Amino acid sequence: GLAWTSMGGATLPIEATTVHEGERGLKLTGQLGKVMNESAQIAHSFVTTNSDRYGVSKDWFMKHSLHLHVPEGATPKDGPSAGISMTSALLSLALNKPVRKSFAMTGEITLTGEVLPVGGIREKLIAARRIGVKQIILPAGNRRDVSELPEHIVTGLDIQHASHYDDVFEILFKSSRASKK
């Protein structure tokens, strides 16, 4: 995930694991603020109600207690920007299929799977560059923000845009394309 901070942009690794089977649940850790906590709950609800759409048995999320963690707990984190990242981590776990590692992403997700625009695009792209990630998924609603950035920030980045989580899923789990969308 990509985040805006008061010190600029930062990357957010997001981890998900199964705690136990038998009942639905979601434990959240990592100094998450109220908004980010809500984003995780939305991501969990979205994947639970749409599991069959992404190739996960209808009851998988209903029968597993999950733990979602955003490391580096000393740094408080808040905001809706990690919604698509959290959704991807949960689906990766349920599918037992890793997310394509060469990507960074940011975007708020709604209960219906819409990917909403977020702030701090400049800082987030710089953070991705800093760790050597050149493939980025951004909300379609942030196209204008990207077009207004200086060329030296976007040159060499493969920025793909998503308006619905289906777009993110296609990029991360199905597609091997490397072209701009």
Side-chain angles (χ1 to χ4, degrees), residues 1-16 28 30-43 46 68-92 98-173 175-181:
L2 296 171
W4 177 91
T5 69
S6 60
M7 303 295 282
T11 55
L12 292 176
I14 297 173
E15 304 172 342
L28 303 171
Q31 286 280 345
L32 308 181
K34 181 180 177 188
V35 174
M36 198 162 179
N37 205 310
E38 288 174 358
S39 291
Q41 296 291 337
I42 291 167
F46 176 75
L68 191 69
H69 178 63
V70 182
E72 301 172 20
T75 306
K77 296 166 271 306
D78 204 15
S81 298
I84 64 171
S85 302
M86 292 174 167
T87 302
S88 299
L90 293 172
L91 277 174
S92 173
V99 172
R100 291 176 61 200
K101 300 248 186 253
S102 58
F103 275 88
M105 66 195 86
T106 186
E108 180 177 358
I109 191 165
T110 69
L111 286 171
T112 59
E114 288 182 72
V115 178
L116 301 179
V118 294
I121 296 300
R122 175 190 186 109
E123 293 82 1
K124 292 172 182 180
L125 292 179
I126 291 170
R129 270 190 180 287
R130 192 178 312 121
I131 65 164
V133 174
K134 294 186 181 343
Q135 295 180 298
I136 315 291
I137 301 172
L138 297 177
N142 286 113
R143 284 181 195 270
R144 182 175 177 186
D145 298 310
V146 173
S147 70
E148 294 174 351
L149 290 174
E151 193 65 29
H152 71 275
I153 292 177
V154 296
T155 297
L157 296 179
D158 176 16
I159 300 172
Q160 298 185 46
H161 296 275
S163 57
H164 189 274
Y165 188 78
D166 289 352
D167 302 327
V168 178
F169 185 81
E170 177 70 25
I171 294 166
L172 293 179
F173 295 103
S175 178
S176 60
R177 69 175 182 245
S179 61
K180 289 187 180 181
K181 187 172 179 187

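All values reported here derive from a predicted model rather than from experimental measurement. We're numbering straight along the sequence, starting at 1.
- Checked against side-chain contact (heavy atoms from CB on, under 4.5 Å), L116 has the following partners two or more places apart in sequence or in another chain: E108, T110, E114.
- Contact annotation: the side chain of H161 approaches that of L138 to within less than 4.5 Å [non-hydrogen atoms, C-beta and beyond].
- In terms of the side-chain contact (heavy atoms from CB on, under 4.5 Å) criterion, residue partners of S88 (sequence neighbours excluded) are, by chain and number, V99, M105, Y165, V168, L172.
- For T106, the side chain to side chain donor-acceptor pair (under 3.5 Å) criterion is met by K124, not counting sequence neighbours.
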side-chain contact (heavy atoms from CB on, under 4.5 Å) evaluation trace for L2 with I136 = CA-CA 9 Å; L2 296 171; I136 315 291; 4.2 Å; yes
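- When every heavy atom of G107 is checked against every heavy atom of P139, the shortest pair comes out as CA-CG, 3.7 Å.
- Considering only heavy atoms from C-beta on, Q135 stays 4.5 Å or farther from I171 through its side chain.
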Let me have the donor-acceptor pairs involving side chains of residues 32-42, under 3.5 Å, with sequence neighbours excluded, atom names and distances please.
from : atom 1 : to  : atom 2 : distance (Å)
S39  : OG     : V35 : O      : 3.2

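- For A10, the side-chain contact (heavy atoms from CB on, under 4.5 Å) test picks out T5, with sequence neighbours left out.
- Remark: H69 NE2 to L28 CG distance equals 11.0 Å, nearest 0.5 Å.
- How far OG of S81 is from CD1 of I109: 13.0 Å, rounded to the nearest 0.5 Å.
- When all heavy atoms of L68 and A89 are compared, the pair lying nearest together is CD1-CB, 4.2 Å.
- L149 meets the side-chain contact (heavy atoms from CB on, under 4.5 Å) test with I121, R122, L125, I153, V154; sequence neighbours excluded.
- Annotation for P71 and P13: closest pair CD-O, 3.0 Å, computed over non-hydrogen atoms.
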